[in-house]
Amino acid sequence: MLKEKNKVTCFNRLNLKSLLVLFMVVAIPLSANSAPGHHELVTGYESFLGSSTSTGQTKTFSLTAAVTQLSIGSGKPISVWAYNEQIPGPILRVNKGDRVKVLFQNNLPESSTIHWHGIRVPNNMDGVPNLTQAPVEPGESFTYEFQAVDSGTYWFHPHSRTHEQLERGLYGILIVEDPEHNQVQGQQYDQEWVWVLDDWLLDSDGAIDDSFAIGDLDAGGRLGNLLSINGKELPSYQAKTGERIRLRIINVSNARNYKLDFGPAKTSIFAVDGNISAQAQNVATFDITPGNRIDVDLTIPASLNSANAETLIKVNNLFSHREASGDVPNGVQTLATIKVLGKVNIQKDFPVPSHDKLPDWDNAHNTPIDFSFEFDSRINFNFLWTDNPLTSYVINGKTYGEHEVTTLKKGEFYHLRFTNGTGLYHPIHMHGVFYKVLSRNGVKVNEPYFRDTALLDYNSSIEIGVVPLDVGSWVMHCHMLEHAALGMMTVFDVIE
Ligand code: C2O
Ligand code: CU
């Protein structure tokens, strides 16, 4: 009682000066809360990435790109373009901290390069022709070399006439294991599956439809009429009840989005674009847009098979493309089946992997927008007498080549806004960085992970936060490869 009374008296005696001091003490943390300082955003991101100490090991691989005969789906062999005569190309598996050395030989009829999608590499290893390196001409070779600083599921593909080279079959997988992390959580999975999702547009002879000329490209992107996982149509996998499978999914399609449904199986996405997530989510809640990877903890429930008979799980794609036309599969598409027979001896019950250092970017959406990018289309009325296509796809009104370079400073936080002026999907991919989606259509979201590609839906906007850490010229583009081919790409210069 006495204490409280004293407090009141004390308060009454406050003069203007102490009120002012009191106000400042309260006001400073309040404003920091509504718009965090750039410094804390940057240090939070850096500790999320962690450091990567060298293992002292170098892993060397050879990749030869060439025209090859392979069967796609279940048909007869057709002419494809492939790395090391296989589709998908090889899985390059290394440990975090290893040096990766890739001897690339180009035996294609045209120039090419290799881009390491998602993982941070030195700028001159990024594989963008005429920006970070000279194109590798037919018959020539180039050695890529970098330290694997990020663990997770990555992939690689050409960055020269990508819409055609990738579509003809040039892509492969880069897996960076984190031995430290695996000891705790990863190695205990019963199985690991790698699923590369692709759709193929085949003509009536079963060959790859060759409408790759700029004038032939479909505004909605190239949706295929044959869906495949690892180049196979409707593959069948085997599992036991109670089994836990680490499933790495990579969407290499030119334009098709996926939203997967595993029926009665339990799915938890625990990594997005290589980055471990702070909180797992069901696979059917995630739009896997071209370029995206997800790592899924797939559990076959013990209750599934009490009668001990074979059960079939259908894996369906539920993503429906609003602009799809003609005979391409749309609506519910079955991609694979999982045959469940028998049960595991011991059911693993370790926790789903999660990241405990996701930076607190909860209020980052309150920082001012530094740069805005409008993704749009443009009619070229001069298409009759110039080389321009009838429609270009543009960022802030400019195609790649006309673009203005955006300069960013290394180690600074940036708030970027992407808006979609078209009735088409645009998966936005940035090279050299991971970014975090802060809001969609002006509504704050708190995705518990960083990513390198996000789907910008029809007539919508997203805002992202990003901290570039590597100096150089990096592109940002639509990963719907027809749009990129028609101009939807720009450049960020990251400077000291
Ligand atoms: Cu997957 Cu610029 O690329
Ligand atoms: Cu696009």
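Basis for what follows: all heavy atoms, side chains included, without hydrogens, waters or symmetry-related copies. As the structure lists them, so they are numbered: ligands from 1, and atoms in each ligand from 1. All residue numbers in this chain count up from 1 along the given sequence.
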Exercise. Measure across Tyr400 and Val491 and return the closest heavy-atom pair with its distance rounded to 0.1 Å.
Key: CE1-CG2, 3.7 Å
Practice problem: May I ask you to list the protein N, O or S atoms found at less than 2.8 Å from the Cu ion (ligand 2)? | Solution: His426 ND1, Cys478 SG, His483 ND1
Quiz item: Which pair of non-hydrogen atoms, one from Ala66 and one from Asn107, has the smallest distance, and what is that distance?
Solution: CB-CB, 4.0 Å
Quiz item: Does a side-chain heavy-atom distance below 4.5 Å link Thr334 with Val315?
Solution: no
Quiz item: Does atom NZ of Lys444 have more than 12 heavy-atom neighbours, drawn from other residues, nucleotides or ligands, at distances under 6.0 Å?
Solution: yes
Quiz item: Only one of His483, Glu482, His479, His163 forms a side-chain hydrogen bond (donor to acceptor under 3.5 Å, both in side chains) with Asn254, so which one is it?
Solution: Glu482
Quiz item: Among Leu416, Thr453, Val475, which one satisfies side chain to side chain contact (heavy atoms under 4.5 Å, CB included) with Met430?
Solution: Leu416
Practice problem: Test the Arg322-Tyr458 pair against the cation-pi criterion, namely NZ or CZ under 6.0 angstrom from the six-membered ring centroid and within 45° of the ring axis. | Solution: yes
Quiz item: Which residue, His431, His115, His117, forms the side-chain hydrogen bond (donor to acceptor under 3.5 Å, both in side chains) with His159?
Solution: His431
Exercise. Return yes if a side-chain donor-acceptor contact under 3.5 Å exists between Asn420 and Ser460, otherwise no.
Key: no
Practice problem: Return the set of protein N, O or S atoms whose distance to atom 1 (Cu) of ligand 1 is under 2.8 Å, each given as residue and atom. | Solution: His117 ND1, His157 NE2, His479 NE2
